[in-house]
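Proteins get letters first, then strands, A, B, ... in listed order; numbering begins at 1 in each. Just so we're clear, the structure is a prediction, and the values are computed from it rather than from any experiment.
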Amino acid sequence: MNDTIRKLYTRPSALIAWGLVLIFVVVGVLFKAGLVSLNTATIAMDLMVNIGLALSLAIIMSYAGYVSFGHAVFYGLGGFLTGYIVYNAVQTAYTANPQNFNLTFGRALGWWLEGAVLGALASAALAGTVGAAVLRLRGAFFAIATIGLDYAVLYLVKLYHNPLSGSADIPVTQLGAIEGFFYKTYVLVTVFFIVTVIVAYLARVSKFGYGLSAIREDEDAAEVLGVDTTRYKVYAFILSAVLTSLWGSITVWRQNSFGVDIMFSLRESVHMIAMNVIGGLGSFLGPTLGGMVYYALYRATLTKLANSQFIVVGIIVILFISLLPEGLVGLVKLVRPKLRKYID
Amino acid sequence: MAAQLKGARVALEVDNVTKRFGGLTALDHVSFKVYEGEILGLIGPNGAGKTTMFNVITGVYKPEEGRVIYYGEDITGLKPHVIARKGIARTHQVVKPFNELTVLENAMIGALFGTRHGQITEEEARSIAMEILEFVGLAEKAEEPAKVLNIQEKKRLELARALAEEPRLLLLDEVLAGLNPTEVAHMLDLLRKIRREKGVTMIMIEHVMHAVMNLADRIVVLHFGRKLAEGTPEEVARNPEVIAAYLGDPELALKFVRRLGGV
């Protein structure tokens with residue numbers, strides 16, 4: 001165990017991640033000092049969210065080789081429960097005392113935490129029960145079943161929750177009015193980014209990570225070799241689901257709203273998958289790099305192409321899969337094979 | 001050798017095992033024992049149920065009838081990883097290397113999850129793995145991804161991964177298949193070395209007759225899922241039923257026996 005933790009500050013891959021963390025912290029500090037624009041700080045925050053989501057999915061997809069197309073279900077569940085709880089708490093507090101209604105960051109954060117924890121628990125429960133059943137399937141069958149899971153939960157939410165005239169969307173716009181909201185949120189995102197990096201890194205380089213690699217490469221051989229494949233897969237799926245759910249909670253907080261069709265949409269799953277594919281499967285560095293490059297692509301095509309940008313992004317993903325199936329990390333291995341052993 | 005084994009402990013007892021797939025009876029009330037320290041050859045024509053027997057022993061398949069007893073403990077129906085941790089390791093007929101992982105990592109996974117599961121640090125696993133790779137002659141390839149190995153090396157890797165588990169019983173499923181005569185000779189040397197230096201009990205499925213006849217202390221012959229014969233290599237090679245069902249030419253069978261002392 002100590003050996004594993006030591007890797008956090010000795011292995012080159014971990015140091016790269018810490019370098020990234022340092023950059024994001026510096027951007028935050030400079031923003032606070034007024035030396036960096038709101039636009040730059042927003043980009044930094046978006047990057048953290050994207051890398052965070054890529055790493056969250058990576059634990060099951062990239063480490064264990066189970067491609068989940070339904071991961072938006074956890075993103076949506078975290079977002080929905082957070083939005084629901086924060087919205088209701090704000091409404092209740094406002095109704096109780098409309099004259100002196102003053103929403104502080106700390107108070108709202110308490111509600112957010114409640115929602116985030118609830119979302120994480122719900123996601124863990126879903127991943128540990130239905131997920132565990134679905135994990136008996138392999139390859140395309142697993143992927144298809146996860147899509148089914150996503151849609152089932154999406155329509156359940158739509159069916160039973162219509163707070164505003166037929167829509168299951170939840171506005172929590174009051175959050176944005178809190179003083180210093182952006183900077184404080186930046187700190188929150190940074191803290192959670194660090195948590196995700198540590199969890200995802202340890203899940204990769206620990207004994208657990210060796211087990212997941214064995215499952216990815218040949219599940220039957222892994223089982224016969226002593227890896228408790230069923231338990232490892234379920235643990236990986238739960239861990240991945242909880243992290244994804246928490247990023248969903250963060251997204252609702254940042255954007256001051258929950259959109260049911262957006263957050264549960266297959267597109268969110270595809271984003272996460274694309275980041276992993278571009279970065280390269282089987283490593284921690286892959287999704288980290290992939291998250292950044294994918295966001296850069298997204299950003300570069302955003303203004304010029306508006307809604308048709310996904311055509312370009314889609315083509316790039318196809319090019320990666322056909323020309324560089326091992327992703328950016330595979331490219332590094334190809335150009336400098338000696339670096340292979342440093343890529344965790 | 002067989003005489004010496006009379007006092008030995010029973011490492012594994014297969015007791016009246018039956019395994020069916022739909023209407024097909026792959027194993028039909030098969031029983032045999034393996035004594036500690038011996039090499040048992042498991043032979044028979046294709047489809048005789050040899051690999052199915054390995055899958056039953058390792059928990060991949062659950063038999064419809066019968067029991068598998070390992071050092072006095074009934075392990076029938078336990079999950080494969082539980083059986084592996086008790087000390088039964090195997091190699092696969094069609095090799096299953098973890099292709100994207102390095103040769104060293106392949107062996108390390110054996111050490112980490114094998115019999116010392118939970119009581120071994122990564123560093124210890126690494127040194128055990130390295131030692132085993134030296135032992136099987138793959139040390140120079142330690143940092144290479146397993147996918148670049150040739151078939152002969154992949155067979156050695158299967159063996160290394162299984163040995164890294166530090167098993168008491170090793171099941172070898174056609175480790176000689178697909179090798180050329182020189183490679184077969186090398187692999188046989190390695191198997192003898194395992195027996196000499198590790199003292200591991202082994203069951204080997206093999207079609208390379210002169211090899212199994214030379215290496216095995218006793219042989220069990222399967223035919224259409226039933227046990228056709230059991231005995232020393234000499235007894236089996238002289239058995240008319242075995243000759244008719246599997247060995248074919250009686251002259252050839254005797255040739256195997258004549259070569260017994262030589263290798």
Starting at CG of Asp218(A), measure out to NZ of Lys96(B) and round the result to the nearest 0.5 Å.
->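 Rounded to the nearest 0.5 Å, the CG-NZ separation comes out at 4.5 Å.
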Give, for atom CD1 of Ile109(B) and atom NZ of Lys207(A), the distance between the pair rounded to the nearest 0.5 Å.
->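 NZ of Lys207(A) is found 11.0 Å from CD1 of Ile109(B).
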Could you check whether atom [atom1] of [X] has more than 12 heavy atoms from other residues, nucleotides or ligands sitting under 6.0 Å from it?
| X | atom1 | value |
| --- | --- | --- |
| Phe69(A) | CZ | no |
| Lys62(B) | NZ | no |
| His207(B) | NE2 | yes |

If you take all heavy atoms of [X] and [Y], which pair is closest and at what distance?
| X | Y | result |
| --- | --- | --- |
| Tyr210(A) | Arg126(B) | OH-NH2, 4.2 Å |
| Arg85(B) | Asp228(A) | NH2-N, 3.6 Å |
| Val224(A) | Ala84(B) | O-CB, 3.1 Å |
| Ala221(A) | Phe98(B) | CB-CE2, 4.0 Å |
| Glu122(B) | Val205(A) | OE1-O, 3.8 Å |

Ion pair Lys147(B)/Glu326(A), N-O distance below 4.0 Å =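 Judged by the 4.0 Å cut-off on N to carboxylate O distance, Lys147(B) and Glu326(A) do form a salt bridge.
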Glu217(A) side chain to Glu100(B) backbone, donor-acceptor under 3.5 Å =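 Checked: pair present.
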Select one option (side chain, backbone, both, neither) describing which atoms of Thr230(A) are under 4.5 Å from chain B's heavy atoms.
->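 Just its side chain gets close to chain B.
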Under 4.5 Å heavy-atom distance to chain B, tell me which part of Lys7(A) shows up: side chain, backbone, both or neither.
->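 Contact with chain B is through the side chain of Lys7(A) alone.
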Where does Lys86(B) contact chain A at under 4.5 Å (heavy atoms): side chain, backbone, both or neither?
->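 Neither part, no heavy atoms under 4.5 Å.
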